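I have placed the structure first, in the form of structure tokens, so that the comments after it can refer back to it.
The shown structure was predicted, so the numbers you read here are calculated from the model rather than taken from an experiment. As the structure lists them, so they are numbered: ligands from 1, and atoms in each ligand from 1.
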Amino acid sequence: MQYRDFGKTGLKISALGFGAMRLPNIMNVILEDEAIAVIQRAFDLGVNFLDTAFVYGESELVCGKALKKYPRDKIIVSSKNPMWDKNYTDTHWRRKLELSLKRMQLSYFDIYAVWHDVRMDAYLESKKVENNWLKEALKAKKEGILKHLIISCHDTPENMIKLFEEGYLEGMILQYNLLDRVNEKVIEYAHNNGLGIAVMGPVAGGKLGSPSPEIQGLIPGGSKSTAELALRFVLSNQGVSTAMSGMNTVKMVEENCAVASSEKPLSEKELKGIQAALDEKKKLADLYCTDCKYCMPCPNRVNIPANFSAMNSFRLYGLKEHAKHVYKHLTERKASAEFCKECKKCEEKCPQKIKISEQLKEVALTLKETA
Ligand code: SF4
Ligand code: SF4
């Protein structure tokens with residue numbers, strides 16, 4: 001396993017982190033014992049970072065049980081405080097922190113996302129509240145309950161950098177993968193300023209887990225799997241401290257650990273080749289649909305951008321299994337292309353002037369036929 005600096009915190013974090021969002025998962029029949037075995041296999045193979053959150057169902061409880069077998073200082077443990085109920089007071093924030101610690105049977109967190117999925121407008125609003133959460137977060141750090149404060153964010157790269165400029169954060173959890181490189185400038189900023197970066201979604205929430213000859217063939221000689229190339233791509237960015245993967249099986253843990261243990265990042269030439277090919281594909285995808293959502297809502301509940309995104313996955317990235325899966329899910333919710341009644345109300349709102357109803361027919365034909 002490779003270990004990297006998490007900014008200037010002094011923590012040596014494993015290049016592969018364990019994201020415990022989906023463990024345990026009753027819907028997919030991953031029960032507690034199995035979840036614990038998967039997490040512990042990762043620890044035994046050198047993963048030393050475990051990330052969970054207050055809102056991940058039973059995850060904190062199960063992670064706490066998985067940790068019991070290991071000396072406390074061997075694993076870097078992180079959780080996140082949700083602020084989605086818009087109660088920004090110090091007491092409310094503290095109650096959630098203490099409940100997370102209690103569930104996990106811990107006395108401190110090494111890393112703590114003071115706000116789970118922060119948006120700048122809500123952040124600024126929260127700071128106007130008297131006795132707000134931030135004072136409590138800084139106090140908890142002084143008390144030693146929280147060793148390092150970070151934040152998790154899906155906002156714009158500009159707002160992410162503004163959050164760093166607040167001065168108290170030592171790192172950030174953000175999205176980054178082969179298909180979504182918009183946060184590269186934030187990663188670069190963090191790297192230049194000694195801040196840690198934990199990447200969520202290195203395989204695009206499982207999207208890059210399905211086979212794709214197009215993506216696997218982006219490097220000379222090809223890669224064993226789409227997921228392998230996706231992980232190698234993320235870890236080749238030296239600003240990334242750790243890539244958190246939501247692993248459901250021991251097999252997945254073993255495969256990912258093998259990739260994260262390899263000292264060979266992608267070469268400069270390979271990276272440039274991948275970036276150029278992806279930029280080209282992205283341009284084609286943008287011509288097709290930019291996901292601006294101006295066409296929504298459709299009176300017949302068709303999720304237009306989601307259908308086009310599935311089609312792009314199929315046509316441009318060769319992610320056929322993933323595209324079929326998404327389309328099937330849309331059909332179950334009566335939101336797939338085949339529910340379009342060709343009223344064309346959406347077309348006047350599309351800045352790309354896409355002939356939406358015509359294109360949806362093609363989507364239905366392609367994805368329904370192959371479903
Ligand atoms: S043309 Fe189809 S997708 Fe567009 S608004 Fe009408 S029913 Fe919805
Ligand atoms: S308005 Fe056009 S470009 Fe925007 S999401 Fe709808 S179809 Fe895509």
Please list, in number order, the atoms of ligand 1 under 4.0 Å from a heavy atom of [X].
| X | answer |
| --- | --- |
| K344 | 1 (S), 6 (Fe) |
| N300 | 7 (S) |
| K341 | 2 (Fe), 7 (S) |
| C298 | 3 (S), 5 (S), 7 (S), 8 (Fe) |
| C340 | 1 (S), 2 (Fe), 3 (S), 7 (S) |
| L360 | 3 (S) |
| P299 | 5 (S) |

Distance below 2.8 Å from atom 2 (Fe) of ligand 2: protein N/O/S atoms: C350 SG

Geometric cation-pi criterion, R103 with F54: 6.0 Å, 45°: yes

The single option from W93, W84, Y88 passing ring pair (Phe, Tyr, Trp, His ring centres under 6.0 Å) against W115: Y88

In one Ile/Leu/Val/Met/Phe/Trp/Tyr side-chain cluster, 4.5 Å: V199, M244: no

Donor-acceptor under 3.5 Å (T366 side chain, E362 main chain): yes

Atom 5 (S) of ligand 2 - nearest protein heavy atom and its distance: K293 N, 3.1 Å

For atom 6 (Fe) of ligand 1, the protein heavy atom that lies nearest, with its residue and separation: C343 SG, 2.3 Å

Flag if over 12 foreign heavy atoms under 6.0 Å of OH, Y294: no

Crowding at CZ, R333 (>12 non-hydrogen neighbours, <6.0 Å): yes

Atom pair CD1 (I197) and OG1 (T242), whose distance is rounded to the nearest 0.5 Å: 11.5 Å

Stepwise salt bridge (charged side-chain N to carboxylate O under 4.0 Å, His left out) test for D291 and K293: CA-CA 5 Å; D291 194 30; K293 300 182 177 66; 3.1 Å; yes

Any I111 side-chain heavy atom under 4.5 Å of K147 side chain: no

Side-chain heavy-atom pair Y108, R72 within 4.5 angstrom cut-off: yes

